[in-house]
Amino acid sequence: MVTEIEFPRKLLLAYNAMCKPLCRKLGLPQTAFDILMFLGNNPEYRTARDIVEVRNIKANLVSVNVDRLVQEGYLERRSVAMDRRKTELICTEKAKSLMEEGRAMQQAFWEKLFDGMDQEARKAFMKALDSIGKNAEEILKGEY
C-alpha cells in the first residue's frame, strides 16, 4: 500500500515514466515537454512567471527550456501591449501536433491510474481530490 507521503512522489515518477518514450521520440527533455503541455492545456497562463509560480519549476530551468522551445519553433515570444515588460509565450502550429500526442499520452496515463476502478470509485476519488484542493487553498489563505 502506498502511504500518503509516497503518493505524490510515485504519481510524479509514474507520469514521468509514461512521458519518457514520447519525450525521447520528440527529442525534448521532460521539463521542456512539461512547459509546452502546461501552456497548451492552460491558455490562461502565458508567461514564464506563470510557469514558475503555478508549475513550481525553477526560473533558470524555465528560462533554458523556453529558449530551447523558441529555437525549435514550438513557442513564440510576444510583447504584451499594455505592459512591455511582460512577454507572452504562444504555442505555434508546430507545437499543436506535439500537444495532441501529449494529450493522448496524458489521457492514457489517467486511464492507467484508474484501471480496475469503477465509475463510482473514480467519482469518489475525484470528489475527494476536489475537497482536498479546497482545504489546501483555505490553509494557504490562513483560514484554518
Side-chain angles (χ1 to χ4, degrees), residues 1-140:
M1 186 165 141
V2 177
T3 67
E4 57 274 357
I5 291 174
E6 293 173 312
F7 182 74
R9 182 177 162 276
K10 283 194 176 186
L11 194 62
L12 181 60
L13 289 172
Y15 178 76
N16 289 346
M18 282 198 67
C19 289
K20 194 172 283 190
L22 182 56
C23 288
R24 195 174 299 129
K25 173 185 167 189
L26 300 169
L28 288 176
Q30 180 74 47
T31 304
F33 176 77
D34 290 345
I35 289 169
L36 199 56
M37 293 306 297
F38 172 74
L39 292 170
N41 288 338
N42 303 283
E44 67 274 23
Y45 299 114
R46 297 186 178 125
T47 66
R49 179 179 297 272
D50 291 337
I51 298 165
V52 170
E53 291 176 0
V54 178
R55 281 289 279 117
N56 200 29
I57 300 173
K58 292 181 181 181
N60 63 328
L61 288 175
V62 171
S63 179
V64 166
N65 284 285
V66 164
D67 284 346
R68 179 181 185 152
L69 291 167
V70 168
Q71 289 172 2
E72 293 187 17
Y74 294 112
L75 290 178
E76 290 179 4
R77 290 184 175 106
R78 291 191 191 150
S79 295
V80 175
M82 304 302 275
D83 186 350
R84 292 222 176 268
R85 295 170 296 166
K86 282 188 180 179
T87 302
E88 285 184 330
L89 301 170
I90 309 297
C91 296
T92 65
E93 279 299 314
K94 182 178 179 180
K96 288 186 178 168
S97 64
L98 179 150
M99 286 189 292
E100 285 176 20
E101 285 187 78
R103 287 183 184 118
M105 184 280 308
Q106 288 174 333
Q107 183 63 38
F109 173 72
W110 279 105
E111 289 301 317
K112 182 63 181 165
L113 284 181
F114 288 114
D115 194 30
M117 293 175 70
D118 61 26
Q119 285 301 319
E120 188 176 313
R122 289 178 185 212
K123 285 180 184 177
F125 178 75
M126 295 308 286
K127 185 176 179 181
L129 276 182
D130 186 52
S131 293
I132 291 167
K134 287 176 183 171
N135 293 341
E137 285 178 27
E138 288 178 9
I139 291 168
L140 291 170

Quick check: do [X] and [Y] have side-chain heavy atoms less than 4.5 Å from each other?
X      : Y      : value
Cys91  : Met99  : yes
Met105 : Phe33  : yes
Cys19  : Met37  : no
Tyr15  : Leu11  : no
Asn41  : Gln106 : yes
Lys25  : Glu101 : yes
Ile90  : Leu75  : no
Thr87  : Thr47  : no

Going from [atom1] on [X] to [atom2] on [Y], what distance comes out if it is rounded to the nearest 0.5 angstrom?
X      : Y      : atom1 : atom2 : answer
Leu98  : Leu69  : CG    : CG    : 8.5 Å
Tyr45  : Glu88  : OH    : CD    : 14.5 Å
Ile132 : Glu137 : CD1   : CD    : 12.5 Å
Leu129 : Met126 : CG    : CE    : 5.5 Å

Would one find more than 12 heavy atoms of other residues, nucleotides or ligands at under 6.0 Å from atom [atom1] of [X]?
X      : atom1 : result
Lys94  : NZ    : yes
Phe109 : CZ    : yes
Arg77  : CZ    : yes
Leu140 : CG    : yes

Could you check whether Gln30 and Asp34, counting side-chain N and O atoms only, form a donor-acceptor pair closer than 3.5 Å?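 Short answer, yes.
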
Using a strict cut-off of less than 4.0 Å between a Lys/Arg side-chain nitrogen and an Asp/Glu carboxylate oxygen, indicate whether [X] and [Y] qualify as a salt bridge.
X      : Y      : result
Asp50  : Arg46  : no
Arg78  : Glu76  : yes
Lys96  : Glu100 : no
Asp115 : Lys112 : yes
Lys134 : Glu138 : no

Mind listing the side-chain donor-acceptor pairs of residues 54-62 below 3.5 Å, one per line with the distance, residues two or more places apart or on another chain?
none

